[in-house]
2 protein chains.
Amino acid sequence: MQKAAIERNNETIAAQLTPVGRETVQDRVYSELRRALIGGLFEPNQVLTIRGLADALVTSTMPVREALGRLITEKALEALPNRSVRVPPITLERIDDLLRARSLIEGEAIALAATRMSQRQIASIEAMLGEWDEMRALKHKKDIDREATLNQSFHFEIYRCCGSAVLIPMIESLWLQSGPCIRVAIYAFSDAGEVDTAHYHRRIVAALASQDAQAAREALVADISRPFAYLRDKLQSTKELT
Amino acid sequence: MQKAAIERNNETIAAQLTPVGRETVQDRVYSELRRALIGGLFEPNQVLTIRGLADALVTSTMPVREALGRLITEKALEALPNRSVRVPPITLERIDDLLRARSLIEGEAIALAATRMSQRQIASIEAMLGEWDEMRALKHKKDIDREATLNQSFHFEIYRCCGSAVLIPMIESLWLQSGPCIRVAIYAFSDAGEVDTAHYHRRIVAALASQDAQAAREALVADISRPFAYLRDKLQSTKELT
DNA sequence: TCAAAGCAAGTGTGATCACAAATCAAAAAT
DNA sequence: ATTTTTGATTTGTGATCACACTTGCTTTGA
């Protein structure tokens, strides 16, 4: 067979196949733990053991310990002097600290995105807004997990447009760190008659549509401040009780 | 022996002993690699092998691979699809990206520090300035490693005063990422008659002493911009040649 | 009755091995 | 002479084991 013919044949096959990928076990463990952390499935102060997680995830200890090590360097988990690892506790200082960092960095990211997003990209996140309303319409069963996932997609869809390969991982790290905190706040929102999250998101989309970077930044800060403010009040009041 | 006497005896001993610490091998490997990365001892695009590093550091592969994994999540190293790991390459976009992120975050950190630093703390970094001049006085042997270390201490001594446990690790990650880049710039500065680094640092100290957050931010941005600007020009000119 | 010592189960760390995939060089084929 | 194939070496990954340290409980002693 001639060279050109072989080449052509291979290309034809390649076009029809989707890459199978080579995700390692460690990668899967890492992703799974990330998902759990951002989703707030672990409680603050909860201690995690390597063998325990390995059993739960049905693998050996090796991938788990490396995934845990990576999460510790991201400050998503905390290594105690006992060498055991736990989900970081919530303190008032930490809440303020996280909110400040998130406002700074995510604010910058959305400001950059505001000047770069194409009509097509804006339409895409606007569509997510619609999906949100749809979900709320039939919200008899308050699907909080789905809501959190949608919220995450909405934000990161925007951040991805900022064009910075450096800022995005930092934002991911910040979400990882605030995940266990804000989960309790989201629960409370859902119970308390649901202050309109969609309203804040609409404000963000409007600012992006008009390419107003400053307005977008402010709308975003308002959006992410809410759960933190709530959590802050709650923590302060429970502290007064003790 | 009575209980009180034993207690007293133990306390006497404790006062004379210094804690021995329990640093693991993995921690030492991690620190060593960090040091090398920030110091620019590794070249961009250089690939690192687990067994190679383990031999160089005289340990087994286990602590090395976990340390590498941690550095990869910090974006200090890059995992290729081949599963080999390398020092990230320098591109023009990455340089601008890193500088923007560093200006944003380190600028915020120093602005916070400006409002919080005590007289004692300011005096401490002012003393480092003197140490710098001292070193430059007898700089026949241009000790570039020492200069880089001193520069790092100067900056982080300030950042540590910002009171944010969230921002500091991010700044460390940014230094880790820019280390391999700026090393080449520092070399060039040292050769090119040494534009006065100390001048920029004095500007920073002056701003901090007068608690002028905005001035401190601007002085810092000016300081860290220099090597990046130099590197940018150099990269652009070599690119034109090819 | 209560504190201290002892014991047993559990946990993180590091070393080593097996295996699959990648890399490289020499040999073979066109 | 260029390309392909083959085989040997290197490399990352995951599993397993040994060891030291921690923890919680039981037992012992005053």
Side-chain angles (χ1 to χ4, degrees), chain A residues 1-11 17 19-33 42 45-73 76-88, chain B residues 1-11 17 19-33 42 45-73 76-88:
Chain A
M1 212 187 304
Q2 296 112 325
K3 193 168 121 188
I6 296 176
E7 190 89 359
R8 202 149 17 86
N9 186 30
N10 284 344
E11 279 175 18
L17 259 38
V20 65
R22 292 197 309 134
E23 197 183 34
T24 64
V25 178
Q26 181 192 152
D27 290 335
R28 278 200 294 278
V29 172
Y30 178 69
S31 301
E32 187 62 16
L33 291 180
F42 294 134
N45 279 37
Q46 182 176 354
V47 327
L48 305 176
T49 67
I50 294 178
R51 286 177 174 92
L53 289 173
D55 288 349
L57 297 167
V58 196
T59 46
S60 77
T61 64
M62 183 61 58
V64 174
R65 59 197 266 195
E66 296 188 347
L68 282 185
R70 289 167 69 180
L71 290 168
I72 289 171
T73 69
L77 294 175
E78 191 181 28
L80 275 61
N82 329 342
R83 298 219 177 290
S84 63
V85 0
R86 72 168 175 191
V87 182
Chain B
M1 210 187 305
Q2 295 111 324
K3 195 168 121 187
I6 295 175
E7 190 87 359
R8 202 147 17 85
N9 186 31
N10 284 345
E11 278 175 20
L17 260 36
V20 65
R22 292 196 308 139
E23 199 182 31
T24 64
V25 178
Q26 182 193 151
D27 290 335
R28 278 201 293 278
V29 171
Y30 178 68
S31 301
E32 188 62 18
L33 291 180
F42 295 134
N45 279 36
Q46 182 178 352
V47 327
L48 305 177
T49 67
I50 293 178
R51 287 177 173 93
L53 289 174
D55 288 349
L57 296 167
V58 196
T59 46
S60 76
T61 63
M62 184 59 60
V64 174
R65 57 197 268 197
E66 296 189 346
L68 283 185
R70 289 167 69 178
L71 289 168
I72 289 171
T73 67
L77 295 175
E78 192 180 26
L80 276 62
N82 329 342
R83 298 218 178 294
S84 64
V85 358
R86 73 170 173 189
V87 182

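In what follows, every chain begins at residue 1, and chains take the letters A, B, ... in the order their sequences are listed.
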Exercise for the section: With sequence neighbours excluded, give me every salt bridge (charged side-chain N to carboxylate O under 4.0 Å, His left out) pair touching residues 60-69 of chain B. Expected result: A:Arg65-B:Glu66, A:Glu66-B:Arg65
Exercise for the section: Would you mind reading off the distance between A:Ile50 atom CD1 and D:dT16 atom P, rounded to a whole angstrom? Expected result: 15 Å
Exercise for the section: Grab the CG-C1' distance between A:Asp27 and D:dG12 for me, whole Å please. Expected result: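 It works out to 12 Å between those atoms.
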By side chain to side chain donor-acceptor pair (under 3.5 Å), which residues pair with [X], not counting sequence neighbours?
X: B:Thr73; value: A:Thr73
X: B:Asp27; value: B:Thr24
X: A:Gln46; value: none

Problem - Proximity to DNA chain C (any heavy atom under 4.0 Å), residues of residues 56-68 of chain B only - result: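 When residues 56-68 of chain B is checked for heavy atoms under 4.0 Å from DNA chain C, the hits, listed by number, are B:Ser60, B:Thr61, B:Met62, B:Pro63.
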Give every donor-acceptor pair under 3.5 Å between a side-chain atom in residues 76-87 of chain A and any protein atom, sequence neighbours left out.
residue	atom	partner	partner atom	Å
A:Glu78	OE1	A:Arg86	NE	2.9
A:Glu78	OE1	A:Arg86	NH2	3.3
A:Arg83	NH2	B:Arg22	O	2.1

Handout entry: Reading 5' to 3' through nucleotides 19-25 of chain D, protein heavy-atom contacts under 4.0 Å coded B for base, S for sugar-phosphate only, - for none
Key = --SSS--
Distance-only donor-acceptor hits, side chain of residues 50-60 of chain B, under 3.5 Å, sequence neighbours excluded:
residue	atom	partner	partner atom	Å
B:Ser60	OG	B:Met62	N	3.4

Exercise for the section: Output all residues satisfying side chain to side chain contact (heavy atoms under 4.5 Å, CB included) with B:Arg28, sequence neighbours left out; order by chain, then residue number. Expected result: B:Glu23, B:Val25
Exercise for the section: Pick base, sugar-phosphate or nothing for B:Leu48, based on heavy-atom distances below 4.0 Å to the nucleic acid. Expected result: sugar-phosphate
Problem - Smallest separation among heavy atoms of B:Gln26 and B:Arg70, with atom names - result: OE1-NH1, 3.1 Å
